[in-house]
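Values below: all heavy atoms of this structure, side chains included; hydrogens, waters and symmetry mates excluded. On a predicted model such as this, the values are computed, not experimentally measured, just so you know.
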Amino acid sequence: MSSVNLVVMVVGLLVLAQQSFQMSLRNPVAETNNCKIDFTRLGLVLTSDTNEKALQDSGLFTPDAETPYVDIAGRRFHIGTLNARYIVYVKIGGNSVNAAIAVQILLNRFRIHGIIHFGSAGSLDIKSLAPGDVSVPLAVAFTGAWNWKKFGSEEGKLIFGEFNYPVNGENLLASVDYDTIKLFSKGQSPQDVFWLPSTTSWYSAATKVLQDLELSRCYDGACLTSKPKIVFGTKGSSSDSYIKNKAYGDFLHKAFNVSIADQESAAVAWTSLSNEKPFIVIRGASNVAGEASPGSQASYLASYNAFLAAAKFIESIPTPRLACE
């Protein structure tokens, strides 16, 4: 073999090795050459151990026989089918930072068509949303970005002095305005947004597919006080604060017309929109802000009913074709 041919062969091998290495960085499952994990799936994003237990208890999820999961950055991404639809599900953990990171990894490392996010939430309006009910919000907002005003400022949406007890008056905490967040997306300048709307086509489909879904009323010998229902047309508040305070919950409901509060939905919506992926949020009410806990059974039913709605919605989405056929 001539020295020229040898050099060409070595260079070719180096190029192939580099391409393989880059592929592994982009997609840690690419090395398996397993077509079953290389086609478009739906991303199912959940938040807690209770959510995952609801999924597993249903018996609807079947792990892939050869590659049931992949661990990336301390998170486990489960690969399989749900109601005969190909999915990857991940438990993202609490708060917006964990949620955004987990969803971005999911979108970077797998071929994901869209995101279905389910979990539990606190109800801010017991008249429309009782424990065990499920909310499918039209939009969610990140209400954790505050512009905290100086004492004496006449501006501000949340004025702390109005919540003095027993008499309203001045308060050194002054007031707070709620800031917008910047939404970055491909080919566009960053936009300042407050509301993050669910994908219109998916939301419209959900109103039809889920309207007659039968939810569970009882679990482990305990039953909800009323038959649970699915509520459409609401809005959600999302921040890194777990809201148990009734006064603040009432304020959010009146100021923004929101019916639920959680810690992750806005981050999931934000990341999905930034990556131009369709998404929908489905949240079960596990408690009511300011009221006594309804118990672990009601908390589980909130997760289970939200999962039932998510599973039914997933079933309505046509299975994407293999990308590696």
Side-chain angles (χ1 to χ4, degrees), residues 44-48 50-51 54 115-143 195-219 223-239 243-244 246 248-266 268-269 278-291 293-295 297-316:
L44 181 61
V45 174
L46 48 132
T47 60
S48 68
T50 305
N51 299 161
I115 299 293
I116 297 94
H117 173 43
F118 88 91
S120 56
S123 171
L124 305 181
D125 180 17
I126 193 172
K127 292 181 180 179
S128 65
L129 204 65
D133 290 347
V134 173
S135 170
V136 186
L138 275 167
V140 294
F142 184 70
T143 54
W195 293 108
L196 303 164
S198 297
T199 302
T200 302
S201 59
W202 276 24
Y203 192 86
S204 177
T207 61
K208 298 178 178 65
V209 171
L210 302 180
Q211 62 179 358
D212 296 323
L213 179 64
E214 188 77 18
L215 301 178
S216 293
R217 185 173 180 177
C218 301
Y219 171 70
C223 295
L224 301 170
T225 56
S226 59
K227 183 179 179 180
K229 62 186 181 299
I230 297 181
V231 180
F232 296 98
T234 58
K235 292 181 179 179
S237 164
S238 192
S239 72
I243 300 171
K244 292 185 176 180
K246 177 174 172 53
Y248 187 58
D250 288 345
F251 165 80
L252 286 173
H253 176 56
K254 293 175 182 177
F256 301 111
N257 193 29
V258 292
S259 298
I260 57 169
D262 65 60
Q263 296 178 293
E264 303 88 11
S265 291
V268 174
F279 78 94
I280 194 167
V281 173
I282 301 172
R283 287 278 184 161
S286 59
N287 57 74
V288 180
E291 296 198 1
S293 171
Q297 291 89 348
S299 177
Y300 176 82
L301 284 169
S303 290
Y304 191 73
N305 285 338
F307 168 74
L308 289 178
K312 184 68 174 178
F313 179 76
I314 288 172
E315 187 180 18
S316 72

Spatial distance of atom [atom1] ([X]) from atom [atom2] ([Y]) [nearest 0.5 Å]:
{"X": "Leu124", "Y": "Asn257", "atom1": "CG", "atom2": "CG", "result": "11.0 Å"}
{"X": "Ile115", "Y": "Thr199", "atom1": "CD1", "atom2": "OG1", "result": "10.5 Å"}
{"X": "Phe142", "Y": "Glu264", "atom1": "CZ", "atom2": "CD", "result": "11.0 Å"}

Over all atoms of both residues, closest heavy-atom pair of [X] and [Y]:
{"X": "Ala306", "Y": "Gly284", "answer": "CB-N, 3.7 Å"}
{"X": "Pro197", "Y": "Ala139", "answer": "CA-CB, 3.7 Å"}
{"X": "Gly132", "Y": "Asn305", "answer": "O-ND2, 3.0 Å"}
{"X": "Tyr203", "Y": "Pro137", "answer": "CE1-O, 3.4 Å"}
{"X": "Tyr248", "Y": "Thr143", "answer": "OH-O, 4.3 Å"}

| request: For Ser265, check side chain to side chain contact (heavy atoms under 4.5 Å, CB included) against everything at least two apart and list the hits. | output: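 Ser265: side chain to side chain contact (heavy atoms under 4.5 Å, CB included) contacts with His117, Val140, Ser238, Asp262, Val281, Arg283.
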| Test side chain to side chain contact (heavy atoms under 4.5 Å, CB included) applied to Ser303 - qualifying residues, sequence neighbours left out |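 For Ser303, the residues satisfying side chain to side chain contact (heavy atoms under 4.5 Å, CB included) (neighbours in sequence not counted) are Thr50, Asn51, Ala54, Ser120.
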For a quick test of your reading: what N or O donor-acceptor pairs under 3.5 Å do the side chains of residues 204-216 make, sequence neighbours left out?
from, atom 1, to, atom 2, distance (Å)
Ser204, OG, Lys208, NZ, 3.1
Thr207, OG1, Ser204, O, 2.6

| By ring pair (Phe, Tyr, Trp, His ring centres under 6.0 Å) - contacts of Phe313 (at least two apart) |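 Here the qualifying residues are Trp202.
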| task | State which residues pass salt bridge (Lys or Arg N to Asp or Glu O under 4.0 Å) with Lys246; sequence neighbours excluded, sorted by chain then number. | result |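 Partners of Lys246 by the salt bridge (Lys or Arg N to Asp or Glu O under 4.0 Å) criterion, ordered by chain and then number, come out as Asp250.
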| query | Are the side chain of Ser123 and the backbone of Leu129 linked by a donor-acceptor contact shorter than 3.5 Å? | reply |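 Looks like yes, one N/O pair under 3.5 Å.
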| query | Where the side chain of His253 meets the backbone of Ser259, is there a donor-acceptor pair that is under 3.5 Å apart? | reply |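 Here the side-chain-to-backbone pair does not exist.
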Only distances under 3.5 Å count here; give the side-chain donor-acceptor pairs of residues 224-236 to other protein atoms, sequence neighbours excluded, each with its distance to 0.1 Å.
from, atom 1, to, atom 2, distance (Å)
Lys229, NZ, Asp133, OD2, 2.5
Thr234, OG1, Ser135, OG, 2.8

| Parallel, tilted or perpendicular, as decided by the 30° and 60° cut-offs, for the rings of Tyr304 and Tyr300 |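 The arrangement is parallel - the two ring planes meet at less than 30°.
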| Is there a side-chain contact between Leu138 and Ser198 (heavy atoms, below 4.5 Å)? |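 No, their side chains stay 4.5 Å or more apart.
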| task | Please say which of Ile280, Leu46, Val136, Thr47 ends up in a side chain to side chain contact (heavy atoms under 4.5 Å, CB included) with Phe118. | result |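 Among Ile280, Leu46, Val136, Thr47, the one that satisfies the side chain to side chain contact (heavy atoms under 4.5 Å, CB included) with Phe118 is Leu46.
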